[in-house]
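Let me begin by presenting the structure, written as structure tokens, before commenting on it.
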Amino acid sequence: ACGTNSGTSTTSAAGGASSSAGTTSAATDTASSGGGSAAGGKIALLLPESKTTRYESFDRPLFEAAVKADCADCEVLYSNADQDAAKQQQQAEAALTQGAKVLVLDAVDGKSAQTIVANAKSQGVKVIAYDRFVAGSDYYISFDNKKVGELQGTGLVDALKAAGKTSGDIVMINGSPTDANAADFKAGAHSVLDKSGYKIAAEYDTPDWSPDKAQAWMESQLSAVKSGLVGVYAANDGTAGGAIAALKGGGVSPLPPVTGQDAELAAIQRILAGDQALTIYKAIKPEAEGAAQAAIALATGQTPATSADKEGVPATLLEPIVVTKDNIMDTIIKDGFYKAADICTGDYASACTAAGIK
Amino acid sequence: MSTPPTTTDPTMAIPADRQDERFLADEGLAGWVKGSISRLRSGDLGSLPVVIGLILIWGVFFVLNDAFLSSRNLVNLTLQMVPTGTIAIGVVLVLLLGEIDLSVGSVSGLSGAVLAVGFVNHGWTSGMAVGLALLVGVAIGVIYGLLFNRYGVPSFVITLAGLLAVLGLQIKVLGKDGTINLAFTSDIVQFASQKFVPDAVAYALVLLAVGAAILAKLAQGRRRAAAGLSAVPPSVVLVRTGLLGLILLLAVYILGRDRGVSYMVLTFIALVVLTDLLVRRTRWGRSVMAVGGNVEAARRAGINVKRIYLTVFALSSFFAALGGIFAAARLASVSQSSGGADTNLNAIAAAVIGGTSLFGGRGSAYSALLGILVIQSISNGLGLLSLDTSYRFMVTGGVLLLAVIIDSLSRRSRAAHGRA
Amino acid sequence: MSTPPTTTDPTMAIPADRQDERFLADEGLAGWVKGSISRLRSGDLGSLPVVIGLILIWGVFFVLNDAFLSSRNLVNLTLQMVPTGTIAIGVVLVLLLGEIDLSVGSVSGLSGAVLAVGFVNHGWTSGMAVGLALLVGVAIGVIYGLLFNRYGVPSFVITLAGLLAVLGLQIKVLGKDGTINLAFTSDIVQFASQKFVPDAVAYALVLLAVGAAILAKLAQGRRRAAAGLSAVPPSVVLVRTGLLGLILLLAVYILGRDRGVSYMVLTFIALVVLTDLLVRRTRWGRSVMAVGGNVEAARRAGINVKRIYLTVFALSSFFAALGGIFAAARLASVSQSSGGADTNLNAIAAAVIGGTSLFGGRGSAYSALLGILVIQSISNGLGLLSLDTSYRFMVTGGVLLLAVIIDSLSRRSRAAHGRA
Amino acid sequence: MTTTSPAQPVLSMTGISKRFGAVQALKDIDFDVRPGEVVALVGDNGAGKSTLVKAIAGVYQPDEGHVTFDGANVTISSPAEAQRLGIATVFQDLALCDNLDVVANLFLGSEVTSTGMLDEVAMEKESWRLLRELSAKIPSVRIPIASLSGGQRQTVAIARSLLGKPKVVMLDEPTAALGVAQTAEVLNLVERLRENGLGVILISHNMSDVMAVADRVVVLRLGRNNGEFRVAETTSQEIIAAITGATTNAVSERAARRDAVPAAHLTDDQDHATQEHQ
Amino acid sequence: MTTTSPAQPVLSMTGISKRFGAVQALKDIDFDVRPGEVVALVGDNGAGKSTLVKAIAGVYQPDEGHVTFDGANVTISSPAEAQRLGIATVFQDLALCDNLDVVANLFLGSEVTSTGMLDEVAMEKESWRLLRELSAKIPSVRIPIASLSGGQRQTVAIARSLLGKPKVVMLDEPTAALGVAQTAEVLNLVERLRENGLGVILISHNMSDVMAVADRVVVLRLGRNNGEFRVAETTSQEIIAAITGATTNAVSERAARRDAVPAAHLTDDQDHATQEHQ
Ligand SMILES: Nc1ncnc2c1ncn2[C@@H]1O[C@H](COP(=O)(O)OP(=O)(O)OP(=O)(O)O)[C@@H](O)[C@H]1O
Ligand SMILES: Nc1ncnc2c1ncn2[C@@H]1O[C@H](COP(=O)(O)OP(=O)(O)OP(=O)(O)O)[C@@H](O)[C@H]1O
Ligand SMILES: [Mg+2]
Ligand SMILES: [Mg+2]
């Protein structure tokens, strides 16, 4: 379960040309299931997985609230694909069957989701690529995720420099080997770390983003990398948690800086406690609201506002933010992503006070 | 002694299999109806319970969202069930032997990867790519079979090791690309989701199949009568097979209101029927059932048990590979996660839910069809309801259990009536 | 007839179980050594083959990276195997019945979630939180047992439905937070990875255990002799148990050079030993083996079969819940992915690789320990090698297979010698 | 030894029917056994003898009919229930656990324990005693039942019925796989049970065994009662006629044919054959 | 009928040994059978009879010893191999597939096909014929073997051996569970096989059956050869003495005891008992 479904974008456009090739046999569709008699109609929100909290704790409620606010008779159809591309295809088909006018698609696999786009287009349904780019879609809203890996890498290097370490070994705990997006974070991080002067002693693709696997691997590295471990790149907060548990269990003190991603509550608490160096925060609220507005616009035949262009698709790109102990207050709490009371429970209360969080 | 030695020789007019006075058989059409009712009451329902479970599920989903039974959704349902359903056919075969194959998911993924790399990256023809993908599948199954026969390692462990090794291979084959898209215009993709059997042809096929079935059964009845055995009366044959035909015609009609029956779906159904015939009507199939029931008895009967294991493992991997090809064709892409997620579990569950025993010797190819229908109906129906994930999982579990409880209840009462 | 009627009454000096002239037994220490060698040669090796497989794996990994056999890594290995190993104990019990539990992963995840929510969010004491988590586990097992007994649904399906429903519950329980951290200073986390048994205590424990075992065996030998049965000679008891003690002492010494034996590891080993005693030495355990071997025979012997199923499913879920608590404590956090990934598969595989049959009636609690050692050794060893993922999967599969082939080869030759 | 016991039946069944799918295995069976009486239940293969025994033992529930035990109406819903009532059974298919050893099988469901743990020493000692009593030739009681010979397995099943204190013992073809010595011991055992006042139900195809130990013979034929004989007042021929449903049958034909072929050595065994298979 | 056949043995074994773990089941067994000869293999429970049969049938490989078949040295490595040689076997444990019906079990491994498909009609017809020939009382051949009675199952196993054209037929306690009529039919069958020139190996604990149909009796005791008798020149007593290893034994004791208890009705069956269990 990755918290790292932050849009990967650099998939090639090779498949894009074929997206218009969907045959028209489906045009004879006689499905009676009433598509959009109301002004708004149905908007389908297709999210990729359920093992990370952001989708059902943030994306879905924020998106639904935004749609409700701007379009009272719009109905949001929701489904979650459990990280299974075939299941997502099936859910998209279900949405089309129910007469959705717009699909807001957070793809399990941005590249293979072109099938969904083609299928939707053949029935005149618009597709918004949400959080992950899909070639051929009508609109794209996401963070400028090209940078996530780079930001993680840069953040780690900064933390190392701050700690006065100019050389030494780094280990990398990447995302799932079968997750197409994990490869992009890995590449982004490499682009920074490879020329940073530190040595990448070992690297591991964590099956299923599993924290326990990350922990076990990190433990074995403590035996293998006998000395000179100065920093840990962890692709998301889950694997970071595993790595930190291993370091603590192995009696490593002080802890080397560990990266993360997703701004999970648990990670914020670890950052406060000084166990984790940083995480990447992507403000979901503007993303969800932007998608909702674009969806309503497309559903009613208008053109949504755009600020950028991605491979010919009108796009809105948002900036991911590195969160460290110093800027928790200014980012996460200010945005209302978490309340100070959520974070500063029990053991973390004193750390909160020390960091000036209230 | 060439003359039968029983002194209480029953009248020769009675067929040989009806002479025992304890055997209570109902004759004729009226008798069949009476017998069916009494069987229903005593709980001897065949595969009816799963069907009832299915109808219940369909009914509930229809009430919750009437789009569920729309032609369009039903056509989608038929398409959705094919890849895992095909894999499940192979799983049924392995389960009939009392063994298991945990690697069907990985094999389907690898086969998809081979197909995609060959077809897209190397520009092979679809035939070549499909052929090689299937060959890879068969080769893996042969390796399992050889290991099993040679070392007697439990198939659970062999295929668990296979699962991992094949997954590694899949990642290796896909290489840096990770995801490979198949062009929508390619014949492979067209076959999977764009080509539908013309309505007239579909109707004709149903009529042909029903006609052939009736003729075959009548001919068999005549042969049985000639051999001095009881035969199902022609009236019963006509009514039973006719009823089945009507249901099929109705299905074709309903699907035909949308896109119709896809060639891929037709292929899947043909595979199920073929596998069923292979299992029930050939020496090989009989041997499979025997090995699954009592491998030592089969060995003592002179059956080449090793050959049976080898062929079944090979076939299981073959169907897994074919399922992988269907999955790739339907999704029009292959990635490192193809064949992952719950492909394995769903394929095995389909076979078990459809009524094939995990302990060997009991089951039928049709359980792949029925089981995958149950699983996909639940998944499809819930997809229409916009549930939170936590509830979706809970409801899936609950409905699955319910469908199988209905089935087991009847099995139970069957067992209490001594027909287990 | 009260006097034994056999006319060829053997000398009364010979123990009752040594009177049959066909029974070839070796007497005394020399006889035991001779017997052991002849057993080795004929392939009757007990659990030695898995151990040989394990030693081979260790040797190879040591050659590839000498950090593998460092005390530090071995201590890590002991810690890593506990959570899944604990779950595997429960799986062994279910497998002994010839049933299966697919939901152990989910149950462990749910139990972790309950623990974390209670302990962290509600501020319960660790005792209360652990207690409730275990209770939830037991309750789930009881539900499985009731469903199984009431409806006779295959356990595969019940626990598959359970897997999904419990996963839903886990997500629900964790709620918005998703991931919950357990404080490193909390007693739960300390117990799992920070508290180690002092060396002196560890040595004392080993000596105590070995001493107790020797005394118990000698006492049993005296009782057997008094009952006119053959007894293992004291010299053999001393040598055998002494050897085992030496190995344990060595292990304690090596681990002691790093952090030592964790309390969690000690608990795990105690649980394995306890479960083994429960299975081999109590009426309940005997009933479990009987039901697994032949449920109908067990029923006819008057065993309350339903009670056995109920208790075993409850225990399986209990161990799963306990494993979930260990996992949570070790990782110091619980998330929606806890208990996911291959927890299920690894736990079942550990039991099977350790030598417990999937078909019931054959196996021992120690297979959980041996199996998880094999699995974790492979995973730990490969972690030291920084292989590409694709190779890592392939090598894992290959090594796993090899370990089990070594085991099966000896089983094979045992079967050929009629000792299957 | 074969004096009739005038006591009330300890077990009595009336109107028992049992149907398996399309096969009517039992129809309107009446049957009873008194304390201290050996009742032989005979009939052709598939006549329903084992089905009746299983209905009494709680393995099957009859579709119709009444059962009284010790004068009280009972429903025997499970084997455990039957054992509680005091019915011990040796089943034709033995019902042993192949994976367990001889001792474990012998004491299954009634293990000897001390301080909560199984007392293996006491059980093993007792096992050897029981097996010796039946003249068993078993090399070791610590090998799985699966590796025993057919007769050895049957001896173990019979030895099981010697444990506990039943009121009725049912033996379904107990001597089918036994050697001559073991068969003699089992017949001795049956007589001892009768002397101890137990009701014994003995199923056997061996007429001379039946005539030797039974007081009364109940004949089933194709699932129905087909006559009842006091052993003191009947002959093998009469019983065989009731079993096969005819006075001329394969057995008598064979006997007649063999009488017609005089051969030197037949003088010794010819009358065996005729007496035994008539 | 019992004329000795001077022909060469069709099957001959020398020095056969077989050990199972710590149990020496067979030690140095010599054994042969000639065409047209019925050899009875007798012995106490666990004497090793079934083990010897399984070694001949290719189920077990002997640890030591030589086998010649039709004059040629052979190694019988599998049951399929034994069948190719022409050895048909009815095993004591029957070895049927419980999940298959009667027809499927009867024809297992030698199914009748037409155009690649199983010819169920032909097989069912032939099944009824075979079963009638053995006087079987089976209500339906389309129910799983699991639901048959013990005797019905045994009849099916015997009927299997009537298929094909074997040279040697081995019957391991074929009549143990059979009714009187069916037993007579099996004895008839054995005689027919002999008349057709087959070698027959018959295992039985029933001395009168053995004396009735066998030409020669081979006695095993505790896994070793313990005497060989021509039926024409011996008595049951002699054979039983060889089986039990003593002239006084449970059987003779029982007979003696019963002789000492004169009871009115015993006049009829007493001599059965003595003759049968001596
Ligand atoms: N579970 C069952 N399912 C279906 N039919 C059954 C079942 N059990 C028994 N029968 C049928 O009931 C009839 C009686 O069987 P039963 O075992 O009682 O015979 P039996 O008298 O014991 O014969 P035998 O002397 O061969 O042991 C048989 O025809 C058998 O096929
Ligand atoms: N697979 C096996 N494993 C271990 N011991 C075995 C095995 N098979 C047979 N034996 C032993 O070998 C001995 C001979 O068994 P066998 O079955 O040949 O006896 P038998 O003469 O056929 O007896 P019965 O008259 O009871 O059928 C027995 O003591 C038995 O315990
Ligand atoms: Mg019977
Ligand atoms: Mg035998």
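All values reported here derive from a predicted model rather than from experimental measurement. Numbers restart at 1 for each chain; the letters A, B, ... are given by sequence-line order, proteins then strands.
For residues 38-47 of chain E, the pairs satisfying salt bridge (Lys or Arg N to Asp or Glu O under 4.0 Å) are D:Lys137-E:Asp44, with sequence neighbours left out. Screening residues 141-157 of chain E for salt bridge (Lys or Arg N to Asp or Glu O under 4.0 Å) gives E:Asp98-E:Arg153, E:Asp101-E:Arg142, E:Glu120-E:Arg142, E:Glu124-E:Arg142 as the qualifying pairs, with residues at least two apart or on separate chains.
The nearest pair of heavy atoms linking D:Leu178 to E:Asn45 is CA-OD1, 3.6 Å. The two residues E:Gly179 and D:His205 have their closest heavy-atom pair at CA-ND1, 3.4 Å. Scanning both residues, E:Gln152 and D:Gly46, for their nearest heavy atoms gives NE2-CA, 3.5 Å. E:Ala181 and D:Thr244 make their closest contact through CB-CG2, 4.1 Å (heavy atoms, listed as atom of the first residue, atom of the second, distance).
Looking only at heavy-atom pairs under 4.5 Å with chain D, the residue among E:Ser149, E:Ala177, E:Gly43 that has the most is E:Ala177.
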